[in-house]
Structures are given as C-alpha cells and as structure tokens.
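Everything below concerns the one structure shown next.
Keep in mind that the numbers below use all heavy atoms, side chains included, and drop hydrogens, waters and symmetry copies. Chain identifiers are assigned alphabetically (A, B, ...) following the order of the sequence lines, protein sequences preceding nucleic acid strands; residue numbering begins at 1 within each chain.
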Number of protein chains: 2
Amino acid sequence: MTLTIGKLSKTTGVNVETIRYYERIGLLTPAVRTESGYRTFGEREAERLRFVKRGRELGFSLEEIRTLVELADQPGQPCAEVDRLAEGHLAEVRQRIADLRRLEAELERLVGCTESSVRECRIVEALSGGR
Amino acid sequence: MTLTIGKLSKTTGVNVETIRYYERIGLLTPAVRTESGYRTFGEREAERLRFVKRGRELGFSLEEIRTLVELADQPGQPCAEVDRLAEGHLAEVRQRIADLRRLEAELERLVGCTESSVRECRIVEALSGGR
DNA sequence: CTTGACCCTGTAGTCGCTACAGGGTTTAGC
DNA sequence: GCTAAACCCTGTAGCGACTACAGGGTCAAG
C-alpha cells in the first residue's frame with residue numbers, strides 16, 4: 001500500500017509541491033525513495049500529512065504544528081502543553097476577529113457612497129484624513 | 001517646509017524603510033533629492049503617505065490603494081469605482097470574519113482538555129482525524 | 001516504441017514589509 | 001575645527017506558507 005506523491009496528494013487534498021515543501025522544512029520525515037528517486041509514502045505518512053492539514057485548517061502555524069506533531073508522538077505525556085498551544089491560538093483568532101469587526105464597521109460606514117464625483121466621495125475623504 | 005525621510009516617518013508614523021519601499025514599488029512618486037542624494041518631502045507627499053497609511057489601516061491591499069490614489073487624483077470622475085472597490089473589500093473582510101468564526105467555534109470545542117495524557121487528548125484526537 | 005503523464009531538483013515569485021551590511025552626510029557638542 | 005553620533009543612501013536577504021516555473025528524468029498505456 002505505497003503511494004506516489006501524486007496519489008498521496010489526491011487522497012489527502014494537499015498539493016504535490018506543498019508536500020515536498022513540508023518535507024524540505026522538516027515537517028514531514030524524508031520520504032523513502034524508489035531506485036529512480038521517486039518518493040514513496042505509506043499509511044503512516046498519509047496520516048501525518050492529514051494531521052498537518054487539519055492543523056492548517058484550524059489555523060495553526062507550521063511551527064505550532066511542528067510542536068503538535070512532536071507532542072502527538074509522545075502519547076504518555078500530559079496534554080497540558082497541547083491545550084496551552086490551542087488556547088493561545090484561540091486567543092489569537094479572537095483578536096483577529098475583533099480587529100476585523102472594527103474594520104467591518106468602519107467600511108460599512110463608508111460604502112454606498114452615491115456622490116457623483118470623487119471630489120465629494122466620503123470614502124476618499126476618509127482616506128484623505130477627513131472623518 | 002521640507003522634511004527628511006526620518007521626520008516624515010515621525011510625523012506620519014510610517015517606518016523609514018516602508019516609505020522607501022513604497023517609493024520603490026511606485027506607490028509614492030520618486031522623492032526630490034538634495035545634492036547629496038537625500039530624499040526631501042513636502043506637505044503634498046506627507047498627505048499622500050497618510051492616505052496610503054489610512055488605506056492600509058482599513059485593510060486595503062497596496063494594489064487597491066494604488067488604484068484609490070489614482071482615483072483620488074481625478075476629483076471630477078464619478079466615485080462609483082471607489083465605492084465598488086470598497087464594497088469588494090468589505091465583502092472580503094466579512095468572508096474572513098466568517099471563516100475565523102468557524103475556526104473559533106471549533107477551537108472552543110477543543111480547548112480546555114484536562115486529560116492527563118496526550119493519548120486521550122481531544123485536541124490531538126481531532127487533529128488525528130477523530131471528531 | 002512513442003507519447004503523455006508523472007516524478008525530480010532548484011530557483012524565483014507572491015505580499016508587505018523588516019533587517020541588515022557597508023557605505024556616505026549632517027549635526028551637535030566640545 | 002574636530003569628532004562622534006545620528007542620520008541618510010543602496011542593495012540584498014529574510015519572514016510565512018506556499019506556488020510556479022525551467023529543465024530535466026522515468027514510467028505506463030496503447
């Protein structure tokens with residue numbers, strides 16, 4: 001049950017070059033190669049890649065995922081550090097949401113300008129320093 | 001009332017290297033130079049830089065700002081395009097908020113794991129493919 | 001046996017800066 | 001007048017997380 005990089009890409013939904021990139025930065029262990037130099041992957045590798053992918057989908061950085069992967073490889077350890085990491089990340093996400101909401105409110109105030117000329121446009125005015 | 005790049009940086013709150021960067025990519029017109037090659041800026045240039053800065057604070061990309069600057073320079077034109085740009089941007093901001101909210105909800109479900117070991121940790125489990 | 005689909009490496013591009021290195025210039029204090 | 005600090009210059013490289021080539025080698029179907 002070994003896969004080429006193309007097959008692995010299909011089954012995981014991760015781009016071929018992204019997989020190579022992950023290997024290059026050491027997030028995936030160097031793949032076993034065929035005689036001709038092609039990478040081969042087994043179920044273990046596919047699992048790990050899916051782990052990384054889900055981490056990305058949850059918005060973790062690759063550095064955070066690197067830590068999470070290491071932690072996940074030590075099932076006997078307490079999960080406090082995992083939880084701390086996730087909480088920190090959640091806090092960041094909330095901060096980003098708050099920032100974007102402020103932006104949203106300000107943009108809402110500006111759009112829908114029906115002035116006939118840029119001279120009177122309240123968007124341009126706001127950008128130019130008017131309030 | 002001419003300013004050096006350092007003074008301009010202080011009065012606008014934009015980093016010196018960022019100002020140079022904006023000039024390099026053509027977002028600011030090339031600054032007038034002194035004999036010894038130092039950039040000098042007047043009120044016009046300061047205004048324009050503040051325009052760019054406010055655009056960034058509203059989350060516009062530099063490309064969008066480039067367009068906005070050009071539009072703002074043609075006060076006779078209708079402001080429909082400005083408005084269209086701002087609305088498109090608002091839609092993007094809303095999309096990003098929606099995405100982050102989904103993330104937030106998922107992370108909320110996961111954090112606060114008090115298991116004693118990584119083996120049982122629901123965060124690791126979620127990343128490993130469990131739900 | 002050819003053709004097309006796949007694989008390889010290495011490098012450069014994206015965005016919006018930021019941080020040097022290695023120089024030249026100006027200014028403030030003595 | 002001199003020196004040292006503070007400023008300015010260019011050019012290049014780095015960040016994160018990919019993506020997109022170029023220029024080659026390999027494999028499988030018909």
Side-chain angles (χ1 to χ4, degrees), chain A residues 2-28 30-41 45 48-69 85 88-89 92-93 96 99-100 103, chain B residues 2-28 30-41 45 48-69 89 92-93 96 99-100 103:
Chain A
T2 65
L3 301 164
T4 62
I5 198 168
K7 300 268 157 71
L8 180 63
S9 170
K10 281 233 171 77
T11 69
T12 58
V14 178
N15 218 317
V16 166
E17 10 257 304
T18 304
I19 298 170
R20 285 199 279 250
Y21 170 71
Y22 286 166
E23 182 186 297
R24 195 162 68 245
I25 65 170
L27 196 55
L28 304 178
V32 175
R33 304 289 183 120
T34 64
E35 270 178 42
S36 58
Y38 283 24
R39 289 174 182 82
T40 58
F41 304 88
E45 285 74 32
R48 178 140 170 185
L49 181 56
R50 272 190 281 265
F51 186 102
V52 172
K53 193 196 179 196
R54 279 189 212 101
R56 289 297 295 141
E57 283 164 0
L58 287 172
F60 288 100
S61 71
L62 293 183
E63 268 326 294
E64 286 168 333
I65 292 170
R66 195 192 296 273
T67 306
L68 286 170
V69 166
L85 219 155
H89 180 54
E92 265 175 48
V93 167
R96 286 218 305 269
D99 291 347
L100 286 171
L103 233 69
Chain B
T2 66
L3 300 165
T4 62
I5 199 168
K7 301 267 158 71
L8 180 64
S9 170
K10 279 229 173 79
T11 69
T12 58
V14 178
N15 218 317
V16 167
E17 8 258 301
T18 304
I19 297 170
R20 285 200 279 250
Y21 170 70
Y22 286 166
E23 182 186 297
R24 196 162 66 247
I25 64 170
L27 196 52
L28 304 178
V32 174
R33 304 292 183 118
T34 66
E35 269 178 44
S36 59
Y38 283 23
R39 288 175 182 82
T40 57
F41 305 87
E45 285 74 30
R48 178 141 171 183
L49 181 54
R50 274 190 280 266
F51 186 101
V52 172
K53 192 194 180 198
R54 280 188 212 102
R56 289 297 296 140
E57 283 164 0
L58 287 172
F60 288 99
S61 73
L62 293 183
E63 267 326 294
E64 286 167 334
I65 292 170
R66 194 191 298 272
T67 305
L68 286 170
V69 166
H89 180 53
E92 263 176 48
V93 168
R96 286 219 303 271
D99 291 348
L100 285 171
L103 234 67

Salt-bridge test for B:Arg54 and B:Glu57: reply yes if a basic N is under 4.0 Å from a carboxylate O, no otherwise.
no
At what angle, to 10 degrees, do the two end axes of the helix from C:dC1-D:dG30 to C:dC30-D:dG1 meet, given five pairs define each axis?
10°
Categorize B:Arg56 for me: base, sugar-phosphate, or nothing, with a 4.0 angstrom heavy-atom threshold over every strand shown.
sugar-phosphate
Might you point out which heavy atoms bring B:Leu27 and B:Arg48 nearest each other, and give the distance in Å?
O-NH2, 3.1 Å
For A:His89 and A:Glu64, indicate whether the former's side chain and the latter's backbone hold a donor-acceptor pair under 3.5 Å.
no
Would a 4.5 Å heavy-atom cut-off, applied to side chains only, mark A:Arg50 and A:Val14 as touching?
no
Is there a side-chain contact between A:Phe60 and A:Thr67 (heavy atoms, below 4.5 Å)?
no
Of all of residues 30-41 of chain A, which get a heavy atom below 4.0 angstrom from DNA chain D, listed by number?
A:Ser36, A:Tyr38
Between B:Tyr21 and A:Arg24, the residue closer to the 5' end of DNA chain C by nearest nucleotide is A:Arg24
Output a table of nitrogen or oxygen pairs between the protein and nucleotides 28-30 of chain D separated by less than 3.5 Å.
none

Among residues 5-18 of chain A, which contact DNA chain D at a heavy-atom distance under 4.0 Å?
A:Asn15, A:Glu17, A:Thr18
Selection residues 13-24 of chain A - residue pairs positive for salt bridge (Lys or Arg N to Asp or Glu O under 4.0 Å), sequence neighbours left out:
A:Glu23-A:Arg33, A:Glu23-A:Arg39
Minimum-distance pair of heavy atoms, taken over all atoms of A:Ile5 and A:Val16
CD1-O, 3.8 Å
Nearest 0.5 Å, please: how far is CG in A:Leu62 from CZ in A:Arg66?
7.5 Å
Roughly, in whole Å, what's the span from CG in A:Leu62 to C1' in D:dT19?
14 Å
Distance in Å, B:Lys7 NZ paired with B:Thr40 OG1, rounded so as to fall on 0.5 Å steps:
12.5 Å
For B:Phe60, which contact category applies under a 4.0 Å heavy-atom criterion: base, sugar-phosphate, or nothing?
nothing
Should A:Ile65 and A:Tyr22 count as side-chain neighbours, where that means a heavy-atom distance under 4.5 Å?
no
Taking C-beta and beyond as the side chain, do A:Glu45 and A:Leu28 meet within less than 4.5 Å on heavy atoms?
no
Can you tell me how far CG of B:Asn15 sits from NZ of B:Lys53, rounded to the nearest 0.5 angstrom?
11.0 Å
Among B:Thr12, B:Ile19, B:Val32, which one satisfies side chain to side chain contact (heavy atoms under 4.5 Å, CB included) with B:Phe41?
B:Ile19
Whole-Å distance, A:Ile65 CD1 to D:dA17 C1', equals 10 Å
Expressed in angstrom and rounded to an integer, what is the separation of A:Glu92 atom CD from D:dG16 atom P?
13 Å
Could you tell me from which nucleotide to which nucleotide of DNA chain C, 5' to 3', there is an atom under 4.0 Å from chain B heavy atoms?
C:dG16 to C:dT26
Gap between atom OG of A:Ser61 and atom CG of A:Leu85 - 0.5 Å precision
8.0 Å
Taking C-beta and beyond as the side chain, do A:Phe51 and A:Leu68 meet within less than 4.5 Å on heavy atoms?
yes
What heavy-atom pair brings B:Leu103 and A:Leu58 nearest, and what distance separates the two atoms?
CD2-O, 3.5 Å
